[in-house]
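Reading through the structure tokens given below for one structure.
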Amino acid sequence: MPELPEVETIKLVLQRRIIGLTIKKIQILSPKSFIGNPNSAEGQKVLKIERFAKLLAVNLGEVNLLFHLKMTGQLILQGESVKREGERYIGGHPTEDMMGKMPNSHTRVIFSFSDGSKLYFNDQRRFGWVKIIDNGKLTIDNLGPEPLEKEFNWQILKKNLLKHKSQPVKVVLMDQSVVSGVGNIYSNEACFNAKIDPRTKVSNLSNLQFKRLHLGVLKSLRDGIAHGGSTRAHFRDPEGHKGYFLDYAYVYGLDKHPCKVCKTIIKKIQLGGRGTYYCSNCQK
DNA sequence: TTAAATGTTTAAAT
DNA sequence: CATTTAAACATTTA
């Protein structure tokens, strides 16, 4: 699920825990999930961790480990000190088995660090991947502006959205070349925040609505990060309670539930082939 | 049994 | 040719 807030939260956790550690060993359990030669990463020290849209780049000097978790990817960090505290750091769409023993049947790659801690890349559907990328080649094509950077304003959002003027606004928001890191969850939430019907064609939006949408995107992403990502990127795991998925959402996954603002029943429709949730009273 | 699920790319249809 | 829709990827759960 990892959209921007989830990946950002994973980044913050990893920056705190694995920078300065050396990768001792990389075990590839699913060849499809690892692209490149793992030898070039083994023995290297983690220097820097960055996020680009939904991608995570772990810099090892000459090379980077570039992660894309796609739909069901998870990163689970279990360290020696972490284990003693009965704690584990996780990021990704929550499932029962991510609280259990590692590795498990969905573990695709295991990174072992110099201090004994391990990072597990789990991915049920195997859409996600880890790639070795030379440092000079770490540019990702077709990425729009990072919404949390101050250069991002409503005029830029408007200009980029207008690349697909006849499309519903909710669909265009998910286009990574329009704005980086917004996926299905936050696109739904952003439209709710902006009080805009997700079906509205981009060409029919007023400047006022573009402004509201700009703020709505920011609010949804910031709320997501404030909640540790919609998936709870770190988790205290003595007995394995369930991560609470999206308790804070206004509309995503809440069809047939009353709107948290006006009690109108949330509707679910299909837009661009994706589940789309909205309140017909709040969003017009 | 069918449908849907956090994402992206590619092919097919309009 | 540009734009839009569907399919594909793989697996599980409702």
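Side chains are part of it too, since the values below use all heavy atoms of this structure and drop only hydrogens, waters and symmetry mates. Throughout, protein chains are lettered first and strands after them, A, B, ... in sequence-line order, and every chain is numbered starting at 1.
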Which residues, ordered by chain and number, are linked to Ile269(A) in its hydrophobic cluster, where ILVMFWY side chains connect at heavy-atom gaps below 4.5 Å, directly or through other members? Val171(A), Leu271(A), Tyr278(A)
Rounded to the nearest angstrom, tell me the gap between atom NZ in Lys131(A) and atom C1' in dT8(B). 11 Å
Comparing nearest nucleotides in DNA chain B, the 5'-proximal residue of the pair Leu55(A), Lys268(A) is Lys268(A)
Rounded to the nearest 0.5 Å, what separates atom CG in Leu213(A) from atom CG in Leu157(A)? 5.5 Å
Please set out all donor-acceptor pairs under 3.5 angstrom arising from side-chain atoms of residues 175-182 of chain A, sequence neighbours excluded.
from	atom 1	to	atom 2	distance (Å)
Asp175(A)	OD1	Ser177(A)	N	2.8
Asp175(A)	OD1	Ser177(A)	OG	2.7
Asp175(A)	OD2	His164(A)	NE2	3.0
Gln176(A)	OE1	Gly181(A)	N	2.9
Gln176(A)	NE2	Met174(A)	O	3.1
Gln176(A)	NE2	Val182(A)	O	3.1
Ser177(A)	OG	Lys163(A)	NZ	3.3
Ser180(A)	OG	Gly144(A)	O	2.7

Nearest-angstrom distance from the residue atom CZ of Phe67(A) to P of dG7(B): 19 Å
How long is the line joining CD1 of Ile140(A) and C1' of dT8(B), in whole Å? 14 Å
With a 4.0 Å cutoff (strictly under), does any side-chain N or O of Tyr186(A) reach OP1 or OP2 of dG7(B)? no
Let me know the distance between CD of Gln270(A) and P of dA7(C), rounded to the nearest Å. 13 Å
When all nucleic acid strands are considered with a 4.0 Å heavy-atom cut-off, which category describes Tyr277(A): base, sugar-phosphate, or nothing? sugar-phosphate
Rounded to the Å, how far apart are Leu69(A) CG and dG7(B) P? 11 Å
dA7(C) to dA3(B) separation - C1' atoms, rounded to the nearest Å: 16 Å
Other hydrophobic cluster members with Trp129(A), side-chain heavy atoms of Ile/Leu/Val/Met/Phe/Trp/Tyr under 4.5 Å, chained? Ile35(A), Phe52(A), Leu55(A), Leu66(A), Ile133(A), Leu138(A), Ile140(A), Leu143(A)
Centroid separation Phe67(A) to Phe111(A) less than 6.0 Å: yes
Scan residues 263-275 of chain A for pairs that pass side-chain hydrogen bond (donor to acceptor under 3.5 Å, both in side chains), counting only residues two or more places apart or in two chains. none
Using a 4.0 Å heavy-atom cut-off, does Gly272(A) contact any base of the nucleic acid, only the sugar-phosphate backbone, or nothing at all? nothing
Which is it for Tyr277(A) and Gln283(A) under the side-chain hydrogen bond (donor to acceptor under 3.5 Å, both in side chains) test, yes or no, and what are the steps along the way? CA-CA 11 Å; Tyr277(A) 305 83; Gln283(A) 298 172 255; over 6 Å; no
With centres under 5.5 Å and planes under 30° as the test, does Phe127(A) stack with dT8(B)? no
When the P atoms of dT10(B) and dA10(C) are compared, how many Å lie between them, rounded to an integer? 15 Å
Starting at NZ of Lys170(A) and ending at C1' of dG7(B), how long is that distance when rounded to a whole Å? 12 Å
Using the side-chain contact (heavy atoms from CB on, under 4.5 Å) criterion, which residues pair with Lys219(A)? Sequence neighbours excluded. Asn193(A), Asp223(A), Tyr250(A)
Please state whether the phosphate of dT8(B), meaning OP1 or OP2, lies under 4.0 angstrom from any side-chain nitrogen or oxygen of Lys54(A). yes
Secondary structure of DNA chain C in dot-bracket form (Watson-Crick or G-U wobble, distances below 3.5 Å, | marking inter-strand pairs): .||||||||.||||
Apply side chain to side chain donor-acceptor pair (under 3.5 Å) to Lys25(A) and list each qualifying residue two or more places apart in sequence or on a separate chain. none
Sequence neighbours left out, what passes ring-ring contact (aromatic ring centres under 6.0 Å, His included) with Phe152(A)? Give chain and number order. His214(A)
For Asp175(A) and dA2(C), what is the distance between atoms CG and P respectively, to the nearest whole Å? 17 Å
dG7(B), OP1 or OP2 - any side-chain N/O from Gln176(A) closer than 4.0 Å? no
Return the value, rounded to whole Å, for the distance between atom CZ of Arg274(A) and atom P of dA8(C). 17 Å
Write down the distance separating the P atoms in dA6(C) and dA4(B), rounded off to the nearest Å. 12 Å
Test: salt bridge (Lys or Arg N to Asp or Glu O under 4.0 Å). Region: residues 141-158 of chain A. Which pairs qualify, not counting sequence neighbours? Arg51(A)-Glu146(A)
For nucleotides 9-13 of chain B, which of its nitrogen or oxygen atoms have a protein nitrogen or oxygen under 3.5 Å away, and what is each distance?
none

Below 3.5 Å is the cut-off: list the nitrogen or oxygen pairs between protein and nucleotides 11-14 of chain C, distance only.
from	atom 1	to	atom 2	distance (Å)
dT11(C)	OP1	Arg126(A)	NH2	2.5
dT11(C)	O2	Gln124(A)	OE1	3.4
dT12(C)	O4'	Gln124(A)	OE1	3.3

Name the nucleic acid region contacted by Lys32(A), choosing base, sugar-phosphate or nothing; use a 4.0 angstrom heavy-atom cut-off, strictly under. sugar-phosphate
For Asn135(A), all residues meeting side-chain contact (heavy atoms from CB on, under 4.5 Å), sequence neighbours excluded: Asn59(A), Asn64(A)
So CG of Asp123(A) and CZ of Arg126(A): to nearest 0.5 Å the spacing works out to 8.5 Å
